[in-house]
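Notes for the one structure printed next.
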Protein chains: 2
Amino acid sequence: MNKADLVNLVAARTELTKTDVALVIDAAIETIVDSVVEGKKVSILGFGSFEPRDRSARQGLNPKTGEKIKIPAKRVPAFTAGKLFKDRVQG
Amino acid sequence: MNKADLVNLVAARTELTKTDVALVIDAAIETIVDSVVEGKKVSILGFGSFEPRDRSARQGLNPKTGEKIKIPAKRVPAFTAGKLFKDRVQG
DNA sequence: TTCCAATGAACAAAGCAGATTTAGTTAATT
DNA sequence: AATTAACTAAATCTGCTTTGTTCATTGGAA
């Protein structure tokens, strides 16, 4: 399922126009990303939370050639699923 | 930031009512969860993708008491961030 | 709406860092 | 009012790391 499918399904569920649904979804994604970029966590009860997480530098390797490479410290986006989401996927 | 804050910010960005925005966000979350529950991946370009991932049973331990426990096989929700999301968080 | 051009995602190889596991209280969201 | 997230202890296991090609997706224009 891609974004177009998601918009169609949500529009069908909410009986709103695809235009408005796409507008809201895009804005919601941008808002979440902006917040994580600013270092603030976004928590949506039952679904999960998005937050930035710091990765320390480490010795890695190029899986293709096998040669050692140095992976620098990073800040990456992380998602933690909420209880409802976990329970429903587990079944 | 919680769901109420997200709805307020998105409503401000889109100039739609908080009611409609909340409706879309809730429906989108339910649609994503439903899809992952059905085993189908949801890909949103630039943001990331949600998919179910299988965990095999393993030997773990109770970190509180230290006793060994058996962790059963599971199916858990997983999120992989997209390029744009990663790049923006990295800065 | 439909097509094109262009950008993003998937795929695979092996080793290490980080997430995950229980349980109970506090704080917070619906 | 009631349910859920956060927090924390130490050991095992999962995923990230690169690079190039193939394919899907996006956004603009006719």
- prompt: Please, which pairs that meet ring pair (Phe, Tyr, Trp, His ring centres under 6.0 Å) have at least one residue in residues 3-37 of chain B, sequence neighbours excluded?
  reply: none
- prompt: What are the residues of residues 14-49 of chain B, sorted by number, that bring a heavy atom to within less than 4.0 Å of DNA chain C?
  reply: B:Lys41, B:Leu45, B:Gly46
message: Rounded to whole Å, please give me the gap between NZ in B:Lys3 and C1' in C:dA28.
response: 14 Å
- prompt: Should the ring pair A:Phe85 and A:Phe47 be called parallel, tilted or perpendicular, given that the plane angle runs from 0 to 90° and is split at 30 and 60?
  reply: parallel
statement: Taking five pairs at each terminus, the helix from C:dT1-D:dA30 to C:dT30-D:dA1 shows an axis bend, to 10°, of 170°
- prompt: With sequence neighbours left out, which residue pairs that include part of residues 35-53 of chain A fulfil the salt bridge (charged side-chain N to carboxylate O under 4.0 Å, His left out) condition?
  reply: A:Glu38-A:Lys40, A:Lys41-A:Glu51, A:Glu51-A:Arg53
task: Among Ile, Leu, Val, Met, Phe, Trp and Tyr joined by side-chain contacts under 4.5 Å, find the other residues sharing a cluster with A:Leu61 and list them by chain and number.
output: none
- request: Kindly state each residue pair satisfying salt bridge (charged side-chain N to carboxylate O under 4.0 Å, His left out) with at least one member in residues 12-33 of chain A, sequence neighbours excluded.
  value: A:Lys3-A:Asp26, A:Arg13-B:Glu30, A:Arg13-B:Asp34, A:Glu30-B:Arg13
field: Heavy-atom pair of closest approach, residues B:Val89 and A:Pro52
entry: CG1-CB, 4.4 Å
- request: Check the distance between D:dG27's P and B:Leu84's CG and give it to me in whole angstrom.
  value: 11 Å
task: Mind calculating the distance between NZ (A:Lys70) and C1' (C:dA17) to the nearest angstrom?
output: 15 Å
message: Nearest whole Å is fine: how far is C:dT29 P from B:Asn8 CG?
response: 13 Å
- prompt: Tell me the ring pair (Phe, Tyr, Trp, His ring centres under 6.0 Å) pairs involving residues 15-34 of chain B, sequence neighbours left out?
  reply: none
task: If a pair satisfies ring pair (Phe, Tyr, Trp, His ring centres under 6.0 Å) and one of its residues is in residues 11-45 of chain A, list it, with sequence neighbours excluded.
output: none
query: Can you tell me how far P of D:dA24 sits from CE of A:Met1, to the nearest Å?
result: 18 Å
field: Any residue meeting side-chain contact (heavy atoms from CB on, under 4.5 Å) with A:Leu9, in chain and number order, not counting sequence neighbours
entry: A:Met1, B:Thr31
query: Once you round it to whole Å, what is the distance between P of C:dA23 and NZ of A:Lys83?
result: 14 Å
Are any protein N/O atoms closer than 3.5 Å to N/O atoms in nucleotides 9-17 of chain D? If there are, list each pair with its distance.
from: D:dT14; atom 1: OP1; to: B:Ser56; atom 2: OG; distance (Å): 2.9
from: D:dT14; atom 1: O3'; to: B:Arg55; atom 2: NH1; distance (Å): 3.1
from: D:dG15; atom 1: OP1; to: B:Arg53; atom 2: NH1; distance (Å): 3.3
from: D:dG15; atom 1: OP1; to: B:Arg55; atom 2: NH1; distance (Å): 3.0
from: D:dG15; atom 1: OP1; to: B:Arg55; atom 2: NH2; distance (Å): 3.4
from: D:dC16; atom 1: O2; to: A:Arg58; atom 2: NH2; distance (Å): 3.4
from: D:dT17; atom 1: OP1; to: A:Lys74; atom 2: NZ; distance (Å): 3.1
from: D:dT17; atom 1: O2; to: A:Leu61; atom 2: O; distance (Å): 3.4

Using distance only, find each side-chain donor-acceptor pair of residues 64-84 of chain B under 3.5 Å and give its atom names and separation, not counting sequence neighbours.
from: B:Thr65; atom 1: OG1; to: B:Glu67; atom 2: N; distance (Å): 3.3
from: B:Arg75; atom 1: NE; to: B:Asp54; atom 2: OD1; distance (Å): 3.2
from: B:Lys83; atom 1: NZ; to: B:Asp87; atom 2: OD2; distance (Å): 3.0

- request: Could you tell me which residues satisfy side chain to side chain donor-acceptor pair (under 3.5 Å) with A:Gln59, sequence neighbours excluded, listed by chain and number?
  value: none
